[in-house]
Amino acid sequence: MRELDYGRMGMRIRQVRKTKGWSQEELAQKAGISMSFMGHIERGSRIMSLETFVNICEALHTNADELLWGIAHPSNALEDMWSVSDKKSDEKTDSYSMYVRIMKSVAEIMNEA
């Protein structure tokens with residue numbers, strides 16, 4: 001049975017949060033916990049309940065495998081991002097900015113591995 005690494009799980013939560021451009025306070029509010037507790041979770045210094053974990057997954061719109069083990073499931077996010085040809089140009093710019101943030105996060109993950 002694999003043992004959970006709460007430090008790495010917290011790091012993954014932080015990376016997904018930053019990719020979305022959210023502060024700890026924003027994620028904490030969306031997950032229904034205090035900002036202080038969110039900081040502990042991201043540092044891996046406190047263990048969250050299953051309910052809190054589910055709330056964080058839902059707030060981040062991510063699956064449990066990604067946060068627990070770092071296993072991302074295929075997503076249509078990039079495909080959806082680039083299929084904005086019929087939308088306003090400022091939405092394309094927002095999509096490009098999101099793409100850049102995602103790629104920076106991927107680079108951070110690769111450097112930490």
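Contact record, A28 with M38: CB-CB, 3.9 Å, taken as the closest heavy-atom pair. Annotation for A31 and A59: closest pair N-CB, 4.4 Å, computed over non-hydrogen atoms. Of all heavy-atom pairs spanning G39 and Q24, the tightest one is CA-NE2, 3.5 Å.
Salt-bridge check for E58 with K30: failed, with every basic side-chain N at 4.0 Å or more from each acidic carboxylate O.
F53 and M35 end up in different hydrophobic clusters when Ile, Leu, Val, Met, Phe, Trp and Tyr side chains are linked at under 4.5 Å.
Within the model, atoms CH2 of W69 and CG of D5 stand 9.5 Å from one another, a figure rounded to the nearest 0.5 Å. Note that the CG atom of N55 and the CG atom of L60 stand 11.0 Å from one another [nearest 0.5 Å]. In this structure, C57 SG and D65 CG are separated by 9.5 Å, a value rounded to the nearest 0.5 Å. In this structure, CG on L67 lies 11.0 Å from CE on M11, to the nearest 0.5 angstrom.
With sequence neighbours excluded, the residues that form a side-chain contact (heavy atoms from CB on, under 4.5 Å) with T52 are I33, F37, I41, M48, S49, I56. Partners of R12 under the salt bridge (charged side-chain N to carboxylate O under 4.0 Å, His left out) rule, at least two apart in sequence or in another chain, do not exist in this structure. K18 pairs by the side-chain contact (heavy atoms from CB on, under 4.5 Å) definition with R14, not counting sequence neighbours. Listed by chain and residue number, nothing satisfies the side-chain contact (heavy atoms from CB on, under 4.5 Å) test with Q29 (two or more places apart in sequence, or in another chain). Partners of I47 by side-chain contact (heavy atoms from CB on, under 4.5 Å), not counting sequence neighbours, listed by chain and number: Y6. Residues forming a side-chain hydrogen bond (donor to acceptor under 3.5 Å, both in side chains) with S36 (at least two apart in sequence, or on another chain): none.
The closest donor-acceptor contact from the side chain of E26 to the backbone of S23 lies under 3.5 Å.
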**Request:** Run the numbers on E42 and R17 for side-chain contact (heavy atoms from CB on, under 4.5 Å), then give the verdict.
**Result:** CA-CA 10 Å; E42 287 189 356; R17 173 181 60 78; 2.6 Å; yes
